[in-house]
Amino acid sequence: MTMPHHALEITLTRPLAPAELRHAARVLPLAADHDTTRLMVLARAKTPGRAAHRLRQLLDTQLPIDVITTHYPDASGQVLLNVAFPAATRTTLKTAADHTGQSPERFVQLALHRALAQHASDEADRLHQEARHLLTHTTAAHLLAAVGHALTQTPGAPQP
């Protein structure tokens, strides 16, 4: 049985110096973005979680890693986040998770889901209010045409 490869993205806390990137690439082939704050890697492991864990073990002392994520969502549309918290934060999370009868991982997962849902709700409310404000000065047809026009424009292209 062959071990699957998992595409992982490493987000760094700062850009890498060329020498740091070369040194890390000796351990594992890496692809860097234009400003070397994000790296891509293919890692072999049974699961994405194991791949991210192994990647952190290999590179954590060599790179200023902030977060490791799976590059592609799984079948449920979820992206794995691998975050290394400081000891004090881990203790606080464990205490809070224990009070709710959850594992620290599940506690963080649910908190993140709640925060993302709240953000989406707030953004929808904000856009609704903006649209209502815009509709006080124009018709729905004109607003819809303007939104359609704005969405079809190439970013950075000269406007007529």
Side-chain angles (χ1 to χ4, degrees), residues 1-134 147 150-151 154-156:
M1 184 170 113
T2 60
M3 186 101 44
H5 285 83
H6 301 280
L8 300 174
E9 184 170 348
I10 304 168
T11 304
L12 303 170
T13 60
R14 62 170 173 77
L16 293 180
E20 289 176 301
L21 181 58
R22 279 193 308 274
H23 182 68
R26 288 185 193 135
V27 175
L28 201 60
L30 300 168
D33 71 339
H34 70 285
D35 65 357
T36 66
T37 58
R38 293 182 9 209
L39 306 171
M40 289 294 302
V41 65
L42 285 176
R44 290 177 61 131
K46 288 184 180 181
T47 67
R50 285 185 181 179
H53 181 76
R54 185 170 298 132
L55 182 61
R56 188 173 287 279
Q57 285 181 321
L58 283 171
L59 297 175
D60 210 25
T61 59
Q62 298 178 38
L63 297 174
I65 296 175
D66 189 15
V67 178
I68 299 172
T69 64
T70 49
H71 186 65
Y72 299 107
D74 64 14
S76 303
Q78 302 294 307
V79 173
L80 176 87
L81 294 176
N82 177 289
V83 181
F85 292 114
T89 303
R90 282 195 310 270
T91 301
T92 301
L93 285 173
K94 182 166 178 10
T95 301
D98 288 346
H99 284 17
T100 63
Q102 299 167 335
S103 69
E105 293 81 10
R106 182 71 175 149
F107 180 81
V108 170
Q109 180 184 30
L110 292 175
L112 185 57
H113 280 273
R114 281 191 303 273
L116 291 171
Q118 183 63 52
H119 175 73
S121 176
D122 292 348
E123 182 67 0
D125 290 346
R126 185 188 68 77
L127 291 172
H128 178 77
Q129 292 301 319
E130 290 289 331
R132 289 179 55 84
H133 175 71
L134 290 170
V147 169
L151 291 174
T154 304

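Along the sequence shown, the residues carry numbers beginning at 1. The analysis underlying the following values was restricted to heavy atoms, covering all of them including side chains, and did not include hydrogens, waters or symmetry mates.
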Inter-residue atom distance [X].[atom1] - [Y].[atom2], 0.5 Å rounding:
X      : Y      : atom1 : atom2 : value
Asp60  : His53  : CG    : NE2   : 10.5 Å
Leu116 : Ser121 : CG    : OG    : 12.5 Å
Gln118 : His113 : CD    : NE2   : 15.0 Å
Glu130 : Leu134 : CD    : CG    : 6.5 Å
Thr69  : Leu80  : OG1   : CG    : 8.0 Å
His119 : Arg126 : NE2   : CZ    : 9.0 Å

Side-chain heavy-atom pair [X], [Y] within 4.5 angstrom cut-off:
X     : Y     : answer
Arg14 : Glu20 : yes
Met40 : Leu8  : no
Pro18 : Leu21 : no
Thr37 : Pro15 : yes

For [Y], does its backbone N or O pair with a side-chain atom of [X] as donor and acceptor, under 3.5 Å?
X     : Y     : result
Arg38 : Leu12 : no
His6  : Leu42 : no
Thr92 : Ala88 : yes
Thr91 : Ala87 : yes
Arg54 : Arg44 : yes
Thr47 : Arg50 : yes

Compute whether any side-chain donor of one residue and acceptor of the other, for Gln129 and Arg132, lie under 3.5 angstrom apart.
no
Distance only, no hydrogens: is a donor on one side chain within 3.5 Å (strictly under) of an acceptor on the other, for Thr100 and Gln102?
yes
Start with the C-alpha distance between Leu81 and Leu112, add both sets of side-chain angles, then the distance that settles side-chain contact (heavy atoms from CB on, under 4.5 Å), and finish with yes or no.
CA-CA 11 Å; Leu81 294 176; Leu112 185 57; 3.5 Å; yes
Looking only at heavy atoms, which two atoms of Ala24 and Leu30 are closest? And how far apart?
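Taking every non-hydrogen atom into account, CB-CD1, 3.7 Å.
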Looking only at heavy atoms, what is the nearest atom pair of Ala51 and Ala43, with distance?
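Looking at all heavy atoms of both residues, the closest pair is CB-CB, 4.0 Å.
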Whether Lys94 and Glu105 form a salt bridge (side-chain N of Lys/Arg under 4.0 Å from carboxylate O of Asp/Glu) is what I want to check.
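Result for this pair is no, no salt bridge flagged.
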Ile10, Ile68, Leu39, Val41 screened by side chain to side chain contact (heavy atoms under 4.5 Å, CB included) with Leu59, the one that passes
Ile10
